Amino acid sequence: MYPQLAADRNELPRLLEAVQQHAAALLADLDERDVVPSVPVPPPTPLPAQGVGLEATLAEFAARWEPTLSASAGPRYLGFVTGGVTPAALAGDWMTATWDQNSFSSLDGAGQHLERESIAWLRGLFGLSGHHHGTFVSGATMSNTIGLATAREWLGERRGVSPAEDGVGGLGAVRVLSGAAHSSVSKGLSILGLGRTALIQVDTLPRREAVDPAALERALQEHEADGPCVVVASAGTVNTADFDDLRAIGALRERYGFWLHVDAAFGAFAALCPGYSHLVDGLDLADSICVDLHKWLNVPYDSAVQFTRRRDLQTAVFQNSAAYLGPLGDTPDTAHLTPENSHRLRAVAAWFTLRAYGRDGHREIVERCIACAHTLGDAIDSTPELRLLAPVRLNVVCFTLAEDPTAERLAALTGQLSDEVFLTPTVLDGVPALRAAFSNWRTTENDTRRVVTTLQGALHKL
Ligand SMILES: *Cc1c(COP(=O)(O)O)cnc(C)c1O
(Lines give C-alpha, C1' and ligand atoms only; values in the text may rest on other atoms or scores of the structure.)
Protein backbone atom coordinates (compact mmCIF):
# COMPACT_ATOMS: atom_id res chain seq x y z
CA MET A 1 0.00 0.00 0.00
CA TYR A 2 1.19 3.51 -0.79
CA PRO A 3 2.87 4.85 2.37
CA GLN A 4 0.66 7.95 2.83
CA LEU A 5 -2.44 5.86 2.29
CA ALA A 6 -1.32 3.24 4.82
CA ALA A 7 -0.43 5.98 7.31
CA ASP A 8 -3.84 7.60 6.90
CA ARG A 9 -5.57 4.26 7.42
CA ASN A 10 -3.63 3.64 10.62
CA GLU A 11 -4.47 7.11 11.94
CA LEU A 12 -8.04 7.32 10.70
CA PRO A 13 -9.82 8.00 14.03
CA ARG A 14 -7.43 10.85 14.90
CA LEU A 15 -7.61 12.30 11.39
CA LEU A 16 -11.41 12.27 11.34
CA GLU A 17 -11.31 14.04 14.70
CA ALA A 18 -9.11 16.73 13.11
CA VAL A 19 -11.50 17.12 10.16
CA GLN A 20 -14.43 17.31 12.56
CA GLN A 21 -12.72 20.07 14.56
CA HIS A 22 -11.91 21.97 11.40
CA ALA A 23 -15.51 21.72 10.18
CA ALA A 24 -16.90 22.73 13.57
CA ALA A 25 -14.66 25.80 13.68
CA LEU A 26 -15.76 26.79 10.16
CA LEU A 27 -19.43 26.44 11.04
CA ALA A 28 -18.97 28.37 14.29
CA ASP A 29 -17.60 31.25 12.21
CA LEU A 30 -20.01 30.93 9.28
CA ASP A 31 -22.36 33.74 10.31
CA GLU A 32 -19.50 36.24 10.46
CA ARG A 33 -17.50 35.27 7.38
CA ASP A 34 -17.59 37.58 4.36
CA VAL A 35 -20.59 36.33 2.41
CA VAL A 36 -18.69 36.66 -0.86
CA PRO A 37 -14.98 37.19 -0.15
CA SER A 38 -12.97 39.43 -2.44
CA VAL A 39 -9.88 37.25 -2.46
CA PRO A 40 -7.96 36.43 -5.65
CA VAL A 41 -8.40 32.91 -7.01
CA PRO A 42 -5.21 30.90 -6.46
CA PRO A 43 -3.29 30.02 -9.63
CA PRO A 44 -3.64 26.38 -10.69
CA THR A 45 -0.86 24.02 -9.72
CA PRO A 46 0.04 20.76 -11.51
CA LEU A 47 -0.81 17.42 -9.88
CA PRO A 48 2.25 16.32 -7.91
CA ALA A 49 3.44 12.75 -8.28
CA GLN A 50 3.87 12.38 -4.54
CA GLY A 51 0.97 12.65 -2.10
CA VAL A 52 1.15 14.52 1.18
CA GLY A 53 -1.47 12.60 3.14
CA LEU A 54 -4.83 13.75 4.53
CA GLU A 55 -3.67 16.17 7.21
CA ALA A 56 -1.39 18.23 4.95
CA THR A 57 -4.06 18.17 2.25
CA LEU A 58 -6.63 19.61 4.64
CA ALA A 59 -4.16 22.32 5.63
CA GLU A 60 -3.50 23.17 1.97
CA PHE A 61 -7.23 23.27 1.17
CA ALA A 62 -7.77 25.54 4.17
CA ALA A 63 -4.96 27.87 3.10
CA ARG A 64 -5.43 28.00 -0.67
CA TRP A 65 -9.12 27.47 -1.33
CA GLU A 66 -11.25 28.08 1.74
CA PRO A 67 -10.60 31.84 1.85
CA THR A 68 -12.02 32.09 -1.69
CA LEU A 69 -15.27 30.20 -1.10
CA SER A 70 -18.56 32.00 -0.52
CA ALA A 71 -20.48 31.60 2.72
CA SER A 72 -23.40 30.21 0.73
CA ALA A 73 -24.23 27.89 3.63
CA GLY A 74 -24.62 30.94 5.87
CA PRO A 75 -27.62 33.08 6.85
CA ARG A 76 -27.24 36.14 4.62
CA TYR A 77 -26.51 34.48 1.30
CA LEU A 78 -29.83 35.29 -0.36
CA GLY A 79 -28.85 34.67 -3.98
CA PHE A 80 -30.68 32.18 -6.24
CA VAL A 81 -32.64 29.85 -3.94
CA THR A 82 -29.73 28.24 -2.20
CA GLY A 83 -30.74 26.64 1.10
CA GLY A 84 -28.43 25.57 3.88
CA VAL A 85 -27.58 22.33 5.63
CA THR A 86 -29.27 21.37 8.89
CA PRO A 87 -27.03 19.67 11.47
CA ALA A 88 -28.80 16.34 10.91
CA ALA A 89 -28.53 16.65 7.12
CA LEU A 90 -24.79 17.29 7.48
CA ALA A 91 -24.45 14.16 9.60
CA GLY A 92 -26.54 12.24 7.07
CA ASP A 93 -24.28 13.37 4.25
CA TRP A 94 -21.22 12.28 6.21
CA MET A 95 -22.85 8.88 6.74
CA THR A 96 -23.66 8.69 3.02
CA ALA A 97 -19.98 8.95 2.15
CA THR A 98 -18.99 6.74 5.04
CA TRP A 99 -21.25 3.92 3.85
CA ASP A 100 -20.53 4.70 0.18
CA GLN A 101 -23.50 2.70 -1.08
CA ASN A 102 -24.26 2.49 -4.76
CA SER A 103 -28.00 2.63 -4.43
CA PHE A 104 -29.02 1.59 -7.92
CA SER A 105 -30.17 -1.98 -7.46
CA SER A 106 -31.71 -4.15 -4.76
CA LEU A 107 -29.20 -6.96 -5.26
CA ASP A 108 -27.27 -5.95 -2.14
CA GLY A 109 -28.50 -4.40 1.08
CA ALA A 110 -31.56 -2.27 1.72
CA GLY A 111 -30.50 1.06 0.20
CA GLN A 112 -33.41 0.99 -2.24
CA HIS A 113 -35.81 0.47 0.67
CA LEU A 114 -34.33 3.42 2.56
CA GLU A 115 -34.89 5.53 -0.57
CA ARG A 116 -38.50 4.38 -0.76
CA GLU A 117 -39.17 5.13 2.91
CA SER A 118 -37.71 8.63 2.43
CA ILE A 119 -39.82 9.15 -0.69
CA ALA A 120 -42.95 8.18 1.25
CA TRP A 121 -42.05 10.74 3.96
CA LEU A 122 -41.57 13.44 1.32
CA ARG A 123 -44.83 12.53 -0.36
CA GLY A 124 -46.57 13.02 2.99
CA LEU A 125 -44.77 16.32 3.55
CA PHE A 126 -46.03 17.73 0.24
CA GLY A 127 -49.54 16.27 0.60
CA LEU A 128 -49.21 13.90 -2.37
CA SER A 129 -51.26 10.73 -2.70
CA GLY A 130 -49.89 7.21 -3.06
CA HIS A 131 -50.48 7.48 -6.82
CA HIS A 132 -47.19 9.38 -7.04
CA HIS A 133 -43.99 7.35 -7.26
CA GLY A 134 -40.74 9.15 -6.65
CA THR A 135 -36.98 8.89 -6.97
CA PHE A 136 -34.01 10.94 -5.82
CA VAL A 137 -32.02 12.83 -8.44
CA SER A 138 -29.25 15.42 -8.43
CA GLY A 139 -31.34 18.59 -8.79
CA ALA A 140 -34.48 20.22 -10.11
CA THR A 141 -33.08 20.45 -13.65
CA MET A 142 -32.74 16.67 -13.73
CA SER A 143 -36.14 16.30 -12.06
CA ASN A 144 -37.80 18.54 -14.68
CA THR A 145 -36.01 16.65 -17.44
CA ILE A 146 -37.29 13.29 -16.16
CA GLY A 147 -40.84 14.70 -15.99
CA LEU A 148 -40.52 15.93 -19.59
CA ALA A 149 -39.01 12.62 -20.72
CA THR A 150 -41.99 10.79 -19.22
CA ALA A 151 -44.30 13.31 -20.88
CA ARG A 152 -42.55 12.61 -24.21
CA GLU A 153 -43.29 8.90 -23.83
CA TRP A 154 -46.92 9.74 -22.97
CA LEU A 155 -47.21 11.79 -26.15
CA GLY A 156 -45.86 8.75 -27.99
CA GLU A 157 -48.44 6.51 -26.32
CA ARG A 158 -51.22 8.84 -27.48
CA ARG A 159 -49.81 8.89 -31.01
CA GLY A 160 -49.03 5.17 -31.30
CA VAL A 161 -45.22 5.45 -31.27
CA SER A 162 -42.49 4.96 -28.67
CA PRO A 163 -39.85 7.69 -28.66
CA ALA A 164 -37.85 5.57 -26.18
CA GLU A 165 -37.66 2.68 -28.67
CA ASP A 166 -37.74 4.41 -32.03
CA GLY A 167 -36.51 7.93 -31.39
CA VAL A 168 -38.33 11.24 -31.56
CA GLY A 169 -38.49 11.30 -35.37
CA GLY A 170 -41.94 9.67 -35.49
CA LEU A 171 -43.42 11.81 -32.74
CA GLY A 172 -44.53 14.78 -34.83
CA ALA A 173 -44.92 18.31 -33.53
CA VAL A 174 -44.50 18.70 -29.78
CA ARG A 175 -45.91 21.74 -27.97
CA VAL A 176 -45.03 22.57 -24.41
CA LEU A 177 -47.16 25.38 -23.03
CA SER A 178 -46.13 27.40 -19.99
CA GLY A 179 -46.57 30.85 -18.46
CA ALA A 180 -43.16 31.44 -16.90
CA ALA A 181 -41.21 28.21 -17.18
CA HIS A 182 -37.86 28.00 -15.41
CA SER A 183 -34.86 28.07 -17.77
CA SER A 184 -34.16 24.42 -16.96
CA VAL A 185 -37.30 23.43 -18.87
CA SER A 186 -35.76 24.67 -22.14
CA LYS A 187 -32.57 22.86 -21.27
CA GLY A 188 -34.51 19.65 -20.66
CA LEU A 189 -36.30 20.00 -24.00
CA SER A 190 -32.95 20.40 -25.71
CA ILE A 191 -31.51 17.31 -24.00
CA LEU A 192 -34.58 15.27 -24.94
CA GLY A 193 -34.44 16.08 -28.64
CA LEU A 194 -37.72 17.97 -28.50
CA GLY A 195 -35.94 21.27 -28.99
CA ARG A 196 -36.06 24.53 -27.08
CA THR A 197 -38.54 25.99 -29.58
CA ALA A 198 -41.13 23.40 -28.50
CA LEU A 199 -41.73 25.69 -25.51
CA ILE A 200 -44.55 28.16 -26.18
CA GLN A 201 -44.91 31.02 -23.77
CA VAL A 202 -48.50 31.64 -22.74
CA ASP A 203 -49.59 35.04 -21.40
CA THR A 204 -49.46 35.52 -17.67
CA LEU A 205 -51.98 37.43 -15.57
CA PRO A 206 -51.46 41.21 -15.52
CA ARG A 207 -48.34 42.12 -13.48
CA ARG A 208 -47.94 38.49 -12.47
CA GLU A 209 -45.74 35.51 -13.37
CA ALA A 210 -48.70 33.14 -12.97
CA VAL A 211 -50.22 31.86 -16.19
CA ASP A 212 -53.56 33.34 -17.25
CA PRO A 213 -55.90 30.30 -17.37
CA ALA A 214 -58.02 31.92 -20.10
CA ALA A 215 -54.91 32.49 -22.24
CA LEU A 216 -53.86 28.90 -21.59
CA GLU A 217 -57.23 27.67 -22.78
CA ARG A 218 -56.92 29.76 -25.96
CA ALA A 219 -53.46 28.33 -26.59
CA LEU A 220 -54.76 24.79 -26.06
CA GLN A 221 -57.52 25.42 -28.61
CA GLU A 222 -55.08 26.94 -31.05
CA HIS A 223 -52.81 23.88 -30.92
CA GLU A 224 -55.55 21.27 -30.62
CA ALA A 225 -55.06 20.15 -34.23
CA ASP A 226 -51.44 19.20 -33.44
CA GLY A 227 -52.62 16.51 -31.00
CA PRO A 228 -52.02 16.21 -27.25
CA CYS A 229 -49.52 18.56 -25.69
CA VAL A 230 -47.64 19.16 -22.45
CA VAL A 231 -48.34 21.93 -19.94
CA VAL A 232 -45.59 22.96 -17.54
CA ALA A 233 -47.07 24.74 -14.54
CA SER A 234 -45.00 26.78 -12.09
CA ALA A 235 -45.45 26.43 -8.35
CA GLY A 236 -43.01 29.11 -7.23
CA THR A 237 -41.28 31.18 -9.92
CA VAL A 238 -37.75 32.31 -9.18
CA ASN A 239 -38.27 36.05 -9.66
CA THR A 240 -41.38 36.60 -7.57
CA ALA A 241 -42.39 33.17 -6.17
CA ASP A 242 -45.63 33.26 -8.09
CA PHE A 243 -47.92 30.24 -8.40
CA ASP A 244 -50.06 29.04 -11.27
CA ASP A 245 -53.63 28.12 -10.31
CA LEU A 246 -53.18 24.36 -10.33
CA ARG A 247 -56.89 23.63 -9.79
CA ALA A 248 -57.83 25.75 -12.81
CA ILE A 249 -55.17 24.02 -14.91
CA GLY A 250 -56.39 20.65 -13.64
CA ALA A 251 -59.91 21.54 -14.82
CA LEU A 252 -58.53 22.42 -18.27
CA ARG A 253 -56.84 19.03 -18.42
CA GLU A 254 -60.25 17.37 -17.99
CA ARG A 255 -61.28 19.04 -21.23
CA TYR A 256 -58.07 19.06 -23.28
CA GLY A 257 -56.21 15.98 -22.02
CA PHE A 258 -52.62 17.19 -21.77
CA TRP A 259 -49.69 15.98 -19.64
CA LEU A 260 -49.37 18.25 -16.62
CA HIS A 261 -45.86 18.72 -15.24
CA VAL A 262 -45.49 20.99 -12.20
CA ASP A 263 -42.17 22.63 -11.39
CA ALA A 264 -42.44 23.06 -7.62
CA ALA A 265 -38.68 23.20 -7.04
CA PHE A 266 -39.02 25.30 -3.89
CA GLY A 267 -42.72 26.21 -3.95
CA ALA A 268 -43.76 22.71 -2.85
CA PHE A 269 -42.65 23.67 0.66
CA ALA A 270 -45.65 26.01 0.90
CA ALA A 271 -47.56 22.78 1.57
CA LEU A 272 -45.97 22.61 5.04
CA CYS A 273 -47.59 25.83 6.27
CA PRO A 274 -51.33 26.13 6.90
CA GLY A 275 -51.20 29.82 5.90
CA TYR A 276 -49.61 29.08 2.51
CA SER A 277 -50.65 25.57 1.53
CA HIS A 278 -53.46 26.95 -0.64
CA LEU A 279 -50.73 28.05 -3.09
CA VAL A 280 -50.08 24.40 -4.02
CA ASP A 281 -53.68 23.30 -3.84
CA GLY A 282 -54.10 20.79 -6.68
CA LEU A 283 -50.42 19.75 -6.79
CA ASP A 284 -51.44 16.09 -6.50
CA LEU A 285 -53.30 16.39 -9.84
CA ALA A 286 -50.00 16.65 -11.70
CA ASP A 287 -48.74 13.81 -13.86
CA SER A 288 -45.18 14.68 -12.86
CA ILE A 289 -43.70 16.98 -10.22
CA CYS A 290 -40.26 18.44 -9.58
CA VAL A 291 -39.09 19.34 -6.05
CA ASP A 292 -35.59 20.39 -5.07
CA LEU A 293 -34.27 19.17 -1.72
CA HIS A 294 -30.96 21.06 -1.68
CA LYS A 295 -33.00 24.26 -1.56
CA TRP A 296 -35.66 24.40 1.15
CA LEU A 297 -35.24 20.99 2.76
CA ASN A 298 -31.74 22.19 3.64
CA VAL A 299 -29.83 19.06 2.70
CA PRO A 300 -26.40 19.46 1.07
CA TYR A 301 -25.99 19.68 -2.69
CA ASP A 302 -26.92 17.82 -4.75
CA SER A 303 -30.37 16.46 -4.10
CA ALA A 304 -33.88 16.68 -5.53
CA VAL A 305 -36.85 14.42 -6.02
CA GLN A 306 -39.11 13.74 -8.95
CA PHE A 307 -42.61 12.33 -8.67
CA THR A 308 -44.78 10.80 -11.35
CA ARG A 309 -48.06 8.92 -11.61
CA ARG A 310 -46.85 6.94 -14.65
CA ARG A 311 -43.88 4.91 -13.51
CA ASP A 312 -44.54 2.52 -16.41
CA LEU A 313 -43.74 5.29 -18.90
CA GLN A 314 -40.76 6.38 -16.83
CA THR A 315 -39.28 2.86 -16.95
CA ALA A 316 -39.99 2.71 -20.68
CA VAL A 317 -37.60 5.66 -21.01
CA PHE A 318 -34.98 4.89 -18.38
CA GLN A 319 -34.84 1.09 -18.12
CA ASN A 320 -31.34 -0.26 -18.16
CA SER A 321 -31.73 -3.89 -19.04
CA ALA A 322 -28.65 -5.92 -18.28
CA ALA A 323 -28.23 -9.55 -17.38
CA TYR A 324 -26.62 -8.63 -14.03
CA LEU A 325 -29.55 -6.40 -12.97
CA GLY A 326 -32.32 -8.96 -13.20
CA PRO A 327 -35.92 -8.35 -14.28
CA LEU A 328 -37.73 -5.02 -13.82
CA GLY A 329 -40.46 -6.39 -11.52
CA ASP A 330 -43.32 -4.43 -9.95
CA THR A 331 -41.09 -2.02 -8.04
CA PRO A 332 -38.24 -1.27 -10.41
CA ASP A 333 -34.86 -0.37 -8.96
CA THR A 334 -33.68 3.19 -9.50
CA ALA A 335 -31.32 2.10 -12.27
CA HIS A 336 -34.51 1.83 -14.35
CA LEU A 337 -35.99 5.18 -13.31
CA THR A 338 -33.41 7.91 -13.77
CA PRO A 339 -30.65 8.91 -16.20
CA GLU A 340 -27.99 7.81 -13.71
CA ASN A 341 -27.27 4.17 -13.06
CA SER A 342 -24.78 4.27 -10.20
CA HIS A 343 -25.51 6.99 -7.69
CA ARG A 344 -24.88 7.83 -4.04
CA LEU A 345 -27.50 6.97 -1.46
CA ARG A 346 -28.69 10.59 -1.47
CA ALA A 347 -31.77 9.71 0.52
CA VAL A 348 -29.77 9.48 3.75
CA ALA A 349 -29.36 13.24 4.27
CA ALA A 350 -33.08 13.81 3.66
CA TRP A 351 -33.95 10.89 5.94
CA PHE A 352 -31.77 12.33 8.73
CA THR A 353 -33.19 15.85 8.63
CA LEU A 354 -36.80 14.63 8.32
CA ARG A 355 -36.33 12.23 11.25
CA ALA A 356 -34.42 14.73 13.39
CA TYR A 357 -36.80 17.68 13.01
CA GLY A 358 -39.99 16.16 11.68
CA ARG A 359 -42.72 17.95 9.83
CA ASP A 360 -42.98 20.57 12.60
CA GLY A 361 -39.29 21.44 12.51
CA HIS A 362 -39.28 21.83 8.76
CA ARG A 363 -42.47 23.88 8.88
CA GLU A 364 -40.78 26.21 11.38
CA ILE A 365 -37.85 26.71 8.96
CA VAL A 366 -40.19 27.50 6.07
CA GLU A 367 -42.36 29.84 8.14
CA ARG A 368 -39.34 31.72 9.52
CA CYS A 369 -37.94 32.20 6.01
CA ILE A 370 -41.29 33.58 4.87
CA ALA A 371 -41.46 35.91 7.88
CA CYS A 372 -37.94 37.20 7.10
CA ALA A 373 -38.94 37.83 3.47
CA HIS A 374 -41.89 39.90 4.71
CA THR A 375 -39.64 41.88 7.06
CA LEU A 376 -37.29 42.73 4.18
CA GLY A 377 -40.22 43.45 1.85
CA ASP A 378 -41.79 45.85 4.37
CA ALA A 379 -38.46 47.63 4.87
CA ILE A 380 -37.98 48.03 1.11
CA ASP A 381 -41.53 49.28 0.76
CA SER A 382 -40.84 52.04 3.26
CA THR A 383 -37.47 53.03 1.73
CA PRO A 384 -38.09 55.87 -0.78
CA GLU A 385 -35.00 54.99 -2.88
CA LEU A 386 -36.27 51.44 -3.47
CA ARG A 387 -39.32 49.93 -5.11
CA LEU A 388 -40.86 46.48 -4.65
CA LEU A 389 -41.66 44.92 -8.03
CA ALA A 390 -44.06 42.32 -6.66
CA PRO A 391 -45.77 41.65 -3.37
CA VAL A 392 -43.93 39.17 -1.14
CA ARG A 393 -45.91 36.00 -1.75
CA LEU A 394 -43.59 33.49 -0.11
CA ASN A 395 -39.83 33.66 0.44
CA VAL A 396 -38.63 35.86 -2.43
CA VAL A 397 -38.32 39.66 -2.44
CA CYS A 398 -37.97 41.25 -5.88
CA PHE A 399 -37.09 44.94 -5.92
CA THR A 400 -35.21 47.66 -7.74
CA LEU A 401 -34.08 51.27 -7.47
CA ALA A 402 -36.94 53.76 -7.48
CA GLU A 403 -34.99 56.01 -9.86
CA ASP A 404 -32.82 55.04 -12.81
CA PRO A 405 -32.85 51.26 -12.18
CA THR A 406 -30.08 50.27 -14.58
CA ALA A 407 -28.21 46.97 -14.32
CA GLU A 408 -25.00 49.00 -13.78
CA ARG A 409 -26.39 50.94 -10.81
CA LEU A 410 -27.76 47.73 -9.29
CA ALA A 411 -24.38 46.03 -9.75
CA ALA A 412 -22.74 49.00 -8.03
CA LEU A 413 -25.18 48.56 -5.16
CA THR A 414 -24.62 44.81 -4.73
CA GLY A 415 -20.87 45.37 -5.06
CA GLN A 416 -21.06 47.39 -1.83
CA LEU A 417 -22.96 44.66 -0.02
CA SER A 418 -21.03 41.51 -0.76
CA ASP A 419 -19.24 41.21 2.61
CA GLU A 420 -22.59 41.18 4.34
CA VAL A 421 -25.24 39.89 1.97
CA PHE A 422 -25.43 38.25 -1.44
CA LEU A 423 -28.35 39.06 -3.76
CA THR A 424 -28.73 38.03 -7.40
CA PRO A 425 -29.70 40.26 -10.32
CA THR A 426 -32.67 39.61 -12.56
CA VAL A 427 -34.94 41.35 -15.07
CA LEU A 428 -38.68 41.52 -14.46
CA ASP A 429 -40.94 42.85 -17.24
CA GLY A 430 -37.89 44.48 -18.80
CA VAL A 431 -36.87 46.20 -15.54
CA PRO A 432 -33.44 45.31 -14.11
CA ALA A 433 -33.96 44.19 -10.52
CA LEU A 434 -32.53 42.34 -7.56
CA ARG A 435 -33.95 39.41 -5.71
CA ALA A 436 -33.46 38.08 -2.21
CA ALA A 437 -34.55 34.51 -1.55
CA PHE A 438 -34.82 33.18 2.00
CA SER A 439 -34.34 29.43 2.27
CA ASN A 440 -31.71 28.78 4.95
CA TRP A 441 -32.53 27.46 8.45
CA ARG A 442 -29.78 29.72 9.89
CA THR A 443 -31.40 32.98 8.79
CA THR A 444 -33.07 34.93 11.60
CA GLU A 445 -34.91 38.24 11.96
CA ASN A 446 -31.61 39.62 13.27
CA ASP A 447 -29.93 38.74 9.98
CA THR A 448 -32.76 40.34 8.09
CA ARG A 449 -32.41 43.59 10.05
CA ARG A 450 -28.68 43.44 9.31
CA VAL A 451 -29.47 43.10 5.58
CA VAL A 452 -31.78 46.13 5.77
CA THR A 453 -29.14 48.24 7.54
CA THR A 454 -26.46 47.22 5.03
CA LEU A 455 -28.74 47.95 2.10
CA GLN A 456 -29.67 51.38 3.40
CA GLY A 457 -26.01 52.20 4.09
CA ALA A 458 -25.04 51.20 0.55
CA LEU A 459 -27.86 53.30 -0.95
CA HIS A 460 -26.38 56.40 0.59
CA LYS A 461 -23.04 55.71 -1.07
CA LEU A 462 -24.58 55.15 -4.50
C1 LIG B 1 -33.74 26.10 -8.83
C2 LIG B 1 -34.85 25.81 -9.74
C3 LIG B 1 -34.70 24.93 -10.81
C4 LIG B 1 -33.37 24.28 -11.17
O5 LIG B 1 -32.85 23.64 -10.07
P6 LIG B 1 -31.40 23.01 -9.98
O7 LIG B 1 -31.47 22.34 -8.65
O8 LIG B 1 -30.45 24.15 -10.03
O9 LIG B 1 -31.21 22.06 -11.09
C10 LIG B 1 -35.82 24.66 -11.56
N11 LIG B 1 -36.99 25.26 -11.32
C12 LIG B 1 -37.16 26.15 -10.32
C13 LIG B 1 -38.49 26.79 -10.11
C14 LIG B 1 -36.09 26.45 -9.48
O15 LIG B 1 -36.25 27.32 -8.47
Side-chain angles (χ1 to χ4, degrees), residues 70 72-73 77-85 89 122 126 134-149 151 176 178-192 196 199 201 204 208-211 230-244 246 249 260-271 279-280 283 286 288-307 338-340 343-344 346 349-350 366 369-370 373 390 393-398 422-426 428 435-440:
S70 71
S72 60
Y77 185 99
L78 306 178
F80 313 103
V81 182
T82 299
V85 180
L122 290 164
F126 304 130
T135 47
F136 284 85
V137 288
S138 58
T141 300
M142 198 45 80
S143 178
N144 277 333
T145 303
I146 293 172
L148 292 167
V176 179
S178 189
H182 187 267
S183 53
S184 59
V185 170
S186 295
K187 183 175 185 165
L189 293 172
S190 161
I191 294 171
L192 294 168
R196 296 176 198 269
L199 183 63
Q201 211 241 298
T204 54
R208 294 277 302 273
E209 288 188 301
V211 76
V230 178
V231 171
V232 174
S234 298
T237 58
V238 285
N239 278 333
T240 65
D242 211 342
F243 288 75
D244 288 354
L246 301 176
I249 297 175
L260 175 58
H261 175 77
V262 180
D263 181 351
F266 65 92
F269 287 83
L279 293 170
V280 286
L283 183 63
S288 52
I289 302 170
C290 152
V291 186
D292 241 331
L293 303 178
H294 51 218
K295 288 176 179 166
W296 229 349
L297 191 67
N298 280 229
V299 298
Y301 285 87
D302 34 21
S303 184
V305 64
Q306 61 78 223
F307 293 101
T338 65
E340 303 98 338
H343 68 274
R344 71 206 310 264
R346 286 199 173 85
V366 172
C369 286
I370 297 171
R393 295 193 180 87
L394 197 68
N395 59 331
V396 177
V397 187
C398 187
F422 181 66
L423 307 173
T424 35
T426 189
L428 188 71
R435 46 185 291 296
F438 292 82
S439 56
N440 191 319

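In each ligand, atom 1 is the first atom listed, and ligand 1 is the first ligand listed. Everything numeric here is computed off the predicted structure, so don't read it as measured data.
Residues meeting the side chain to side chain donor-acceptor pair (under 3.5 Å) test with Asp292, sequence neighbours left out: His294, Lys295. Shown here are the side chain to side chain donor-acceptor pair (under 3.5 Å) partners of Thr424, two or more places apart in sequence or in another chain: Arg435. The salt bridge (Lys or Arg N to Asp or Glu O under 4.0 Å) search around Asp244 returns none, not counting sequence neighbours.
Although no hydrogens or angles enter the test, the distance criterion places a donor-acceptor pair under 3.5 Å between the side chain of Tyr301 and the main chain of Thr82. Side-chain atoms of Thr237 come within 3.5 Å of backbone atoms of Asp242 as a donor-acceptor pair (strictly under, hydrogens ignored). Listed for the Ser184 side chain is no donor-acceptor partner under 3.5 Å among the backbone atoms of Thr141.
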Report every pair formed by an N or O atom of ligand 1 and a protein N or O atom separated by less than 3.5 Å, giving atom names and the distance to 0.1 Å.
residue: ligand 1; atom: 5 (O); partner: Asp292; partner atom: OD2; Å: 3.3
residue: ligand 1; atom: 7 (O); partner: Ala140; partner atom: N; Å: 3.0
residue: ligand 1; atom: 7 (O); partner: Asp292; partner atom: OD1; Å: 3.3
residue: ligand 1; atom: 7 (O); partner: Asp292; partner atom: OD2; Å: 2.7
residue: ligand 1; atom: 7 (O); partner: His294; partner atom: NE2; Å: 2.8
residue: ligand 1; atom: 9 (O); partner: Ala140; partner atom: N; Å: 3.3
residue: ligand 1; atom: 9 (O); partner: Thr141; partner atom: N; Å: 2.8
residue: ligand 1; atom: 9 (O); partner: Thr141; partner atom: OG1; Å: 2.6
residue: ligand 1; atom: 11 (N); partner: Asp263; partner atom: OD1; Å: 3.3
residue: ligand 1; atom: 11 (N); partner: Asp263; partner atom: OD2; Å: 2.7
residue: ligand 1; atom: 15 (O); partner: Lys295; partner atom: NZ; Å: 2.8

